[in-house]
Amino acid sequence: MNLQEKIDLNNLPKHVAVIMDGNGRWAKQKGGARIFGHQNAIAAVRDTVEGAAELGIEYLTLYAFSTENWNRPQYEVNALMELLVSTIRKETATLNKNNIRLQTIGDTESLPKTCRRELLEAMEITAHNSRMTLNVALSYSGRWDLTQAMRQISGLVAAGELQPADINEQLIAEHIATAGMPDPELLIRTSGEMRISNFLLWQLAYTEIYITNLLWPDFRKQHLHEAILSYQSRERRFGKTSEQLTNKSIT
Ligand code: IPE
Ligand code: IPE
Ligand code: MG
């Protein structure tokens, strides 16, 4: 039985989030420049997107560029932006063919104009696709997200449309960038780093975390299957006791 056949399709995460890390180290191991690693990350993205869609995952969120990544050397930032444009251009037809909708989360206003234009076009072309939403986090950080949500909500309060007492978890969830999507049940991070790096801070409150030492350019759908199998072996207690979950008579 291969790994994919072991996956329980009735217990799939609806939303998988991925911190795609380790491109630079992958390139260094091969004696190449960091950009070489970013270029080789595309094959991993393609295979992971395909693998997620094949399984029936509804939302796949990929952390592609963080707010803090703007602080990298200018030539690396430029190369990443160019790679983003050329990848979208090349991959939109495949996304469409596979019935996958492209969306972004993040401060996309801060991206170069050509990137914004390319993204908007790809999002428009794929807008009616329904098999899976591929959500790319670009110029994204969890703190940026919470800040922009607070700004929106305080605007509504100042305009008299909301009272402070109306602010609850649901209202906040409706103003963060992932509004309308379930919180990720599974977070995958490659390259062995055990940190969140300012990713989905609100949304990850009860997410199962899976960390692999693989560097992102080596990640393939079989590794996604491994992560999902690990997720399916976990007991998600949400603060309750194990007995409460297994013995329904204890309330
Ligand atoms: C992840 O790989 C890609 C981005 C953050 C854009 P890195 O570029 O962070 O690679 P490492 O972590 O330096 O190996
Ligand atoms: C996290 O990776 C951001 C992305 C994968 C886009 P980083 O390489 O930027 O994270 P740190 O700096 O190691 O925490
Ligand atoms: Mg990194």
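All ligand and atom numbering here is 1-based and tracks the order in the structure.
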Just jot down the ligand 2 atoms closer than 4.0 angstrom to any heavy atom of Arg195, in number order.
->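 Answer, ordered by atom number: 11 (P), 13 (O), 14 (O).
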Answer yes when Glu54 and Lys221 have at least one side-chain N-carboxylate O distance shorter than 4.0 Å, and no when they do not.
->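 Salt bridge flag = yes for Lys221 with Glu54.
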Pair [X], [Y]: side-chain N/O donor-acceptor within cut-off below 3.5 Å:
| X | Y | answer |
| --- | --- | --- |
| Gln148 | Gln152 | yes |
| Arg101 | Thr133 | yes |
| Asn40 | Asn23 | no |
| Ser230 | Arg234 | yes |
| Trp70 | Ser139 | yes |
| Asn135 | Thr61 | yes |

Ligand 1: protein residues within heavy-atom distance under 4.0 Å =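 Protein residues near ligand 1 are Met20, Asp21, Gly22, Asn23, Gly24, Arg25, Arg34, His38, Ala64, Asn69, Arg72, Leu80.
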Answer yes or no as to whether an N/O/S atom of Asp21 is found below 2.8 Å from the Mg ion (ligand 3).
->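 Short answer: yes, at least one N, O or S atom is under the cut-off.
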